[in-house]
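The block underneath contains the structure these notes are about, expressed in structure tokens.
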Amino acid sequence: MMRLFTRVMLAMCLVVAAGFHAQAQTRPKVTSLGPDFPKAALFVGNSFFYYNNGMPGHLSFMERAADAENKAAYRNTMATIGGSGLDWHDMDNLLRPGGLGAYSFDDQNVVIFNKPGRQFDAVVMMDCSQCPIHPQLKDAFTTFAKKDSEIVRAHGMRPVLFMSWAYADKPEMTEGLAEAYTVAGNANDALVIPAGLAFARVRKLQPELNLYAPDKRHPSPAGTYLATCVTFAALTGRSPVGNSYTMGLDAPAVELLQKAAWETVQDYYGR
């Protein structure tokens, strides 16, 4: 009887452990942006970015908390359209000299005019939440991931793709999105931020921690914080564990989300 109990418990542990490591079938080719990681980034996408007062803004706070001596170097902004895919955005216009990023605000709310020329180090791009795996929209994802990556490089910036997450009631979306983004990242020599895999990990580790708004698609504050931690880890190569910026969440949730983000990034990039 004891042997049967042990076998059952072992099987349950293996099933749960396997759920922690949902991955794309294809492995990413680009696994780091190197020591000269981007400190100024433009996030092009939709409401997944702008929910909860904007994930890129939270990223700036986390980056500055990690490197207070150089906090003035970190700035992130976003160009978002609700419900949009990449094909809704005019990337050439967004990156025109003297346009987005020409000025910003310091921590005292003083306007700072940034150095003319290249306004961002990287552009982080996300398609609509279903587009990369939708039968009628996935070709547009492939087309515009390539087109926009080329435009970003032509402006002297680095393209990055943001892997979005599955809906709360459709967890099966995770692996399809992971595969689509990884393949697109490899095709365009672009880093992929594995946010969707981090969502899947946390849902297995602590399903009672809600990562979603009531519509089951958009992020709750915890979901936005998790996406921030994953983005921080992917872009900088630094662990978010122990970072003092918490977005006002309670300590146990912050610890779980920081660790899950770091473990996801390590697993995805094969470190």
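Hydrogens, waters and symmetry mates are skipped; everything else that's a heavy atom, side chains included, is used. Just so it is clear, the structure is predicted and the values come from calculations on it, not from any experiment.
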Quiz item: For the side chain of Asn46 and the backbone of Gly83, is there at least one donor-acceptor N/O pair under 3.5 Å apart?
Solution: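 Such a contact is absent between Asn46 side chain and Gly83 backbone.
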
Which ring pair (Phe, Tyr, Trp, His ring centres under 6.0 Å) pairs, counting each pair once, include a residue from [range], with sequence neighbours left out?
range            : answer
residues 167-200 : Phe141-Tyr181, Trp165-Phe199, Phe199-Tyr212
residues 106-136 : none
residues 88-111  : none

Any donor-acceptor pair under 3.5 Å linking the side-chain atoms of [Y] with those of [X]?
X      : Y      : value
Thr264 : Arg201 : yes
Asn210 : Ser220 : no
Thr31  : Tyr268 : no

With [X] via side chain to side chain contact (heavy atoms under 4.5 Å, CB included) - residues at least two apart:
X      : answer
Ala261 : Leu226, Cys229, Val230, Pro240
Glu150 : Lys146
Asp139 : none
Lys39  : Phe37, Ala73, Tyr74, Asp121

Can you tell me how far [atom2] of [Y] sits from [atom1] of [X], rounded to the nearest 0.5 angstrom?
X      : Y      : atom1 : atom2 : value
Asp127 : Leu161 : CG    : CG    : 9.5 Å
Gln206 : Glu208 : CD    : CD    : 4.0 Å
Arg158 : Ser149 : CZ    : OG    : 13.5 Å

Quiz item: ring pair (Phe, Tyr, Trp, His ring centres under 6.0 Å) with His218: which residues, sequence neighbours excluded?
Solution: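 Expected list: Phe48, Tyr51.
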
Self-check item: Residues forming a ring pair (Phe, Tyr, Trp, His ring centres under 6.0 Å) with Phe43, sequence neighbours excluded
Solution: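 With sequence neighbours excluded, Phe43 shows a ring pair (Phe, Tyr, Trp, His ring centres under 6.0 Å) to Phe49, given in chain and number order.
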
Quiz prompt | Results of salt bridge (Lys or Arg N to Asp or Glu O under 4.0 Å) for Arg96 - residues two or more places apart only | solution =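 Per chain and number, Arg96 pairs via salt bridge (Lys or Arg N to Asp or Glu O under 4.0 Å) with no residue.
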
Quiz item: Take atom CG in Asn93; do more than 12 heavy atoms of anything else shown fall under 6.0 Å from it?
Solution: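 Yes, CG of Asn93 has more than 12 neighbouring heavy atoms, counting only those of other groups under 6.0 Å.
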
Quiz item: So does Glu69 have more than 12 non-hydrogen atoms from other groups sitting under 6.0 Å from CD?
Solution: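 No, because the 6.0 Å sphere around CD of Glu69 holds 12 heavy atoms or fewer from other groups.
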
Exercise. Name all pairs fulfilling the disulfide (SG to SG under 2.5 Å) condition that reach into residues 55-174, sequence neighbours left out, sorted by first residue then second.
Key: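 Pairs touching residues 55-174 that pass the test: Cys128-Cys131.
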
Quiz item: Thinking salt bridges, do Lys259 and Glu263 make one under a 4.0 Å N-O criterion?
Solution: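 Salt bridge between Lys259 and Glu263, a charged N being under 4.0 Å from a carboxylate O: no.
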
Quiz item: Can you pull the side-chain hydrogen bond (donor to acceptor under 3.5 Å, both in side chains) pairs that have at least one residue in residues 229-253, sequence neighbours excluded?
Solution: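 Passing the test, one end in residues 229-253: His58-Tyr245.
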
Practice problem: Please lay out, stage by stage, how Val44 and Val124 fare under the test side-chain contact (heavy atoms from CB on, under 4.5 Å). | Solution: CA-CA 6 Å; Val44 178; Val124 180; over 6 Å; no

